[in-house]
Protein chains: 6
Amino acid sequence: MRPSGRKPDQLRPIRLEPGFAKYAEGSCLIKFGETHVLCAATVEEKVPPFLRNTGRGWVTAEYGMLPRSTHTRTDREASRGKQSGRTQEIQRLVGRSLRAVTDLTGFGERQIRLDCDVLQADGGTRTAAITGSWVALHLAFAKLLKDGAIAKIPLIGQVGAVSCGLCDGVAVLDLDYPEDSTAQADANFVLTDTGAIVEVQGTAEKEPFSEAQFAAMLGLAKLGVKELMIEQRKAVGL
Amino acid sequence: MRPSGRKPDQLRPIRLEPGFAKYAEGSCLIKFGETHVLCAATVEEKVPPFLRNTGRGWVTAEYGMLPRSTHTRTDREASRGKQSGRTQEIQRLVGRSLRAVTDLTGFGERQIRLDCDVLQADGGTRTAAITGSWVALHLAFAKLLKDGAIAKIPLIGQVGAVSCGLCDGVAVLDLDYPEDSTAQADANFVLTDTGAIVEVQGTAEKEPFSEAQFAAMLGLAKLGVKELMIEQRKAVGL
Amino acid sequence: MRPSGRKPDQLRPIRLEPGFAKYAEGSCLIKFGETHVLCAATVEEKVPPFLRNTGRGWVTAEYGMLPRSTHTRTDREASRGKQSGRTQEIQRLVGRSLRAVTDLTGFGERQIRLDCDVLQADGGTRTAAITGSWVALHLAFAKLLKDGAIAKIPLIGQVGAVSCGLCDGVAVLDLDYPEDSTAQADANFVLTDTGAIVEVQGTAEKEPFSEAQFAAMLGLAKLGVKELMIEQRKAVGL
Amino acid sequence: MRPSGRKPDQLRPIRLEPGFAKYAEGSCLIKFGETHVLCAATVEEKVPPFLRNTGRGWVTAEYGMLPRSTHTRTDREASRGKQSGRTQEIQRLVGRSLRAVTDLTGFGERQIRLDCDVLQADGGTRTAAITGSWVALHLAFAKLLKDGAIAKIPLIGQVGAVSCGLCDGVAVLDLDYPEDSTAQADANFVLTDTGAIVEVQGTAEKEPFSEAQFAAMLGLAKLGVKELMIEQRKAVGL
Amino acid sequence: MRPSGRKPDQLRPIRLEPGFAKYAEGSCLIKFGETHVLCAATVEEKVPPFLRNTGRGWVTAEYGMLPRSTHTRTDREASRGKQSGRTQEIQRLVGRSLRAVTDLTGFGERQIRLDCDVLQADGGTRTAAITGSWVALHLAFAKLLKDGAIAKIPLIGQVGAVSCGLCDGVAVLDLDYPEDSTAQADANFVLTDTGAIVEVQGTAEKEPFSEAQFAAMLGLAKLGVKELMIEQRKAVGL
Amino acid sequence: MRPSGRKPDQLRPIRLEPGFAKYAEGSCLIKFGETHVLCAATVEEKVPPFLRNTGRGWVTAEYGMLPRSTHTRTDREASRGKQSGRTQEIQRLVGRSLRAVTDLTGFGERQIRLDCDVLQADGGTRTAAITGSWVALHLAFAKLLKDGAIAKIPLIGQVGAVSCGLCDGVAVLDLDYPEDSTAQADANFVLTDTGAIVEVQGTAEKEPFSEAQFAAMLGLAKLGVKELMIEQRKAVGL
């Protein structure tokens, strides 16, 4: 029995609010239960130095948590003067995941910057950030399309993410914070709409896991991401 | 005529949502029109070194803006590695303002930390932060009271804040961003429920102003803060 | 009775030494009693990026304290690796104050940088810095004029500053450190030679004050700044 | 055909030199072909604050690259003033991997710090670092055992790591730099001597991969790590 | 002929003003011609961690330049966020030089911190800083003696410093900035009142020099420091 | 009797391994006994801003220690976020020393960057770094010559360095760590192949020394550097 009463293959209630950030070119507030992440896409008319004069664009991400998004307060990174290793790891992951489904030759020398800010954290913030960022990115591209800046939306497909874990030896989908902190192992899966793997990160600080256990988690993740993608499509009007 | 069509003495629509941050000891999302600030109070069971063994508590504040709270994106301070002078100025102001109405001897050696995070910015974020922080602080004290940690709420009174400006020589209340960027001068007023002044900051980068103009702005601020305080009381159930 | 024996409307002995910094384009050592601030103006032949190709100039300021300018030693900011919030607040204030009386279109695409370094601190360093910086700025412009780089001194008027406070309910002029640390409230006034207000910052961490008390402080400030401006004019030979 | 002429399941020549760092409590220079990483273990007689008075120890890691370990020079992180996201990601991975096979209750309140410094980099530095660190850690424990500080070596088993990739759709083992930069996808596997998974990180920036491809990579990794563990045992005299 | 018209063995006019920093426990403004350095000693009632419970004291130094002490403005280190290599090199040199003539067992577990701030720079700031710091240190010890905290002044002797250089092959004493920037080589000598060497730093970026040339510079330095020490003794009343 | 059993004028065993860093344009692992420093030269096709369009090149150096190069672990500077004063002092010294024998007009607008990384530290790392860097620099120039980028090797001569110290009043050559930490005084000499002095740094924190003692140390240094230069020439094939 999961602490939340959910079945092993059951997501938390998912809710997406596209357009939440009024001034952003694209945005989405995404809720996985009590985990709330605001994803906002900014279109910049210049690219990083290594892409200048290549005709290619770039997609990158930044991640942050409000100090009191967490059960006990987390120090403000701006005030400590640096981003933690965890923050950097997450924002690199979000950036790679979105680039994997973007045609970087399809929107000129522009950079799309995705800001993922956690308003409330109850586990799974990085997977919510990826899933919500796809919506924000799609909306930003839709705005470029509407403005005549591009001829079509340069997204190859959808990308979504969810975590799975092993609790008492059983694979479960979409860990919340109480499960996350007691799980034997957990893994984050970033998948495309064709079920292919974009990123996978599995960690077993408590107890190593077997290939079969890994496959069980991946199986759940595929189901979960499929559900998430229905919500993504609704949010962007597909 | 103001860009927003408001009358000179008219506030933007004000809305307070107490308890917005589920995990904080006290919180309030405050909206002054399109300016949205989330204020969250954290109770810490220790004080800064200079207050140890004095029996006194402390109230302090931190301030931040989501990168895409603004019309064009603002760099993330955590990623630049330091807080701007503006940020520091604001968080010092918020802390002083709240301390001015708090009995620091009335809640033991505890520190209340107020996190003011701007979700959306359309002018007046610092005054919204002060006004909303009073609610978050009151709610945090109410929780301590309910938990039996203190015998009564150690607030001497209410504190609220609003900005005023001179536009085309006329004093107007509660500037939004378009007014703020074109005003001849502007001032922020932090007032108590007795109408006394806690903080006043007036700036005339475009054109110096007279004592009479200052008095006109103060007059409007008194009216505005009185309205804000009605909302504060509703939010905390007084 | 004030600790220094001064009357409520009496400034400390004021002394200005123009040209103190031999290598600067303009400079002034200003003394408000035991508060000594060295103001040095540097003319730079380029402007910040946001002003390039606008034909306009800029005036900015930096502020620092020698570690042993204070009664007990203050840590060196260069060694701690960052400037305090207080330092940043002051240097922003000095910059705004000087820009308010400068015609930024009158000296080409140049930046004047004002370095205000406190050699000795006994209260009122920010007001001394503003008052002395006007002299340094005037002298730097005089040098540009003499060198034929500009046709006239692009200063619209004088700017000076002084602090006032409420001690035992009475408004007093030009607080020294012992008064500053015990005052119920204090305010810094930055005024022009026409008596108009450029900046006002009032703070009541101990006890809120009334509009009448504020007016009393402003009245003293007007008198004080008038005296300071006589010294400024002497220092620049007007 | 691989650029190096290796077969898909062939490791680069592996060489371990235990005791390379004369002053460290345990050390190992590990070479995966032209990738050379020096792993040095330091025993500290204190633990991080969160473990004080728990009777438990800790294992942590730091990672760095010599500026000219790489084909073109990489900026020195000490000179830039901060560690990159990549560096932090790697050192967190190495620490977690080693902790997964260490009995943290078996060596008192001590911290073992593993310094992994890349002398030469040709792909796979993080997997070499994990594999070599196990040797350094074992040797440091052996020293504590010999000194009578512990009763037995608190390692639950071996841990080793290797990367795999998909090149032209084929899974290959132990990527060198030329392969790494052209692979469609790559994954790092951290495995125990029982073949269980401690960490897995798969990334497909070029092209998403299937579950079957992932399984093929994992199969190769199991073979590779088995070979690496023979070398580990030789290096520590088991 | 030297640019200043001085003879090869002639110091610039030397002037010491003891007690310049009113609040410091000991201080001295020292002028070597147009080079002006304010040296202030602070007595702290605690020592660095490595000296706790040893009964020994410590002497350390910090160094800074006012931004406009120089012919063209130098960036403020506090604003850049770090001290330059040159600054750190100089403050380490000043600290070592003073410790060399101090009996560190003779003033209890106290730290004397010497702040050397350059008000005006025309070459030779580090040698002026050492020479002036000895006076500030002596005065601080004299205060401790007068306060009954120590029984005698724990200085083994005097220490002073001067630079020499090779200009057109000729050794000259006490370089000013124009000479310093054109000299073939220059050396700083820190000497005791017995003529012994405490520190010597010779640099030949333009052209290597011979042992004989080095001896010629040392000879001049001995003469120069002897004169400086007369001024030091006057300044402390010996 | 020296702790190592060496005679006063005896170097430690010296060993140079040119080409140790496979990817660098020039490199040398240099061993002075148990002190091992890897020197790697990188040729960059651009110069610092102050040399642009002058036709001149630049030589600069960076220095670092592996955390466990030392007897007890030294904190990683990249992780502390800044380089120590000692590190900066050394890398400035190495850069100046190499520039003193380089014709900066002889290799175009290029910068050679010398990375000196200490793999193992037993005293004398800075002198080993200088001596080894000359070899790395020569090899990098040889590569430019072979590639046809320059017409001849722009080195005016050789430069080498060694430390000397006073132990029990006797001058000894090439201090190892045990001697270094107990010596009364020590000095580092950077000399050319003609015996001229490029840099000299003598320090007497324990006890000031006489001119005769300094001369004795310099005499030993000349002998030592002569031996080092034989090894340098072998290493570069002269």
Side-chain angles (χ1 to χ4, degrees), chain E residues 59-63 81-102 104 156-159 166 184-215 217-219 221-222, chain F residues 59-63 81-102 104 156-159 166 184-215 217-219 221-222:
Chain E
V59 175
T60 187
E62 293 193 7
Y63 173 93
K82 63 176 183 175
Q83 295 180 302
S84 69
R86 177 185 172 274
T87 290
Q88 294 192 58
E89 200 170 302
I90 293 175
Q91 59 196 14
R92 284 156 53 89
L93 170 66
V94 177
R96 284 198 309 271
S97 297
L98 274 295
R99 285 194 297 273
V101 294
T102 305
L104 297 172
I156 297 156
Q158 282 173 265
V159 72
L166 295 172
Q184 160 202 345
D186 72 88
N188 293 294
F189 296 92
V190 184
L191 307 175
T192 66
D193 48 340
T194 63
I197 302 170
V198 167
E199 291 271 340
V200 55
Q201 298 186 331
T203 293
E205 208 163 321
K206 295 234 177 59
E207 196 179 328
F209 53 88
S210 69
E211 191 170 352
Q213 288 174 314
F214 181 81
M217 292 193 286
L218 174 52
K222 284 183 174 179
Chain F
V59 175
T60 186
E62 294 195 7
Y63 173 92
K82 63 175 184 175
Q83 294 180 303
S84 71
R86 177 184 172 276
T87 290
Q88 293 193 58
E89 202 170 300
I90 293 175
Q91 59 196 14
R92 285 156 53 88
L93 171 66
V94 176
R96 284 198 310 271
S97 297
L98 274 294
R99 285 193 298 273
V101 295
T102 304
L104 296 172
I156 297 157
Q158 281 174 264
V159 72
L166 293 172
Q184 162 202 341
D186 73 87
N188 294 294
F189 296 92
V190 184
L191 307 175
T192 65
D193 48 342
T194 63
I197 302 171
V198 166
E199 291 272 339
V200 55
Q201 296 186 332
T203 294
E205 208 164 321
K206 296 233 177 58
E207 198 180 326
F209 52 87
S210 68
E211 191 171 350
Q213 288 174 316
F214 181 81
M217 292 194 286
L218 174 52
K222 284 183 173 179

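The basis for the numbers below is simple: all heavy atoms, side chains too, and nothing from hydrogens, waters or symmetry mates. Chain A is the first sequence line, chain B the second, and so forth, proteins listed ahead of strands; every chain is numbered from 1.
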Subject >> Pick from Arg86(E), Gln213(E), Gln83(E) with the largest number of heavy-atom pairs that fall under 4.5 Å of chain F >> reply: Arg86(E)

Subject >> Top contributor to chain F contacts, counting heavy-atom pairs under 4.5 Å, from Ala187(E), Gly202(E), Ala204(E) >> reply: Gly202(E)

**OP:** With sequence neighbours excluded, tell me which residues meet side-chain contact (heavy atoms from CB on, under 4.5 Å) with Lys206(E).
**Re:** none

**OP:** Name all residues meeting the side-chain contact (heavy atoms from CB on, under 4.5 Å) criterion together with Glu207(E); count only those two or more places apart in sequence or in a different chain, and write none if there are none.
**Re:** Gln184(E)

Original post:
Got a second to check how far Glu211(F)'s CD is from Ile197(E)'s CD1, nearest 0.5 Å?
Top reply: 6.0 Å

Subject >> Side chain / backbone / both / neither for Thr194(F) at chain E, heavy atoms under 4.5 Å >> reply: neither

**OP:** Look at Gln201(F), Glu89(F), Lys82(F) and state which one has the largest set of heavy-atom pairs under 4.5 Å with chain E.
**Re:** Glu89(F)

Original post:
If you tally heavy-atom pairs under 4.5 Å against chain E, which of Leu218(F), Val159(F), Thr203(F) wins?
Top reply: Thr203(F)

Subject >> All ring pair (Phe, Tyr, Trp, His ring centres under 6.0 Å) counterparts of Phe214(F), not counting sequence neighbours >> reply: Phe214(E), Phe189(F)

Original post:
Using a heavy-atom distance cut-off of less than 4.5 Å, which residues of residues 91-101 of chain E contact chain F?
Top reply: Arg92(E), Arg96(E), Arg99(E), Ala100(E)

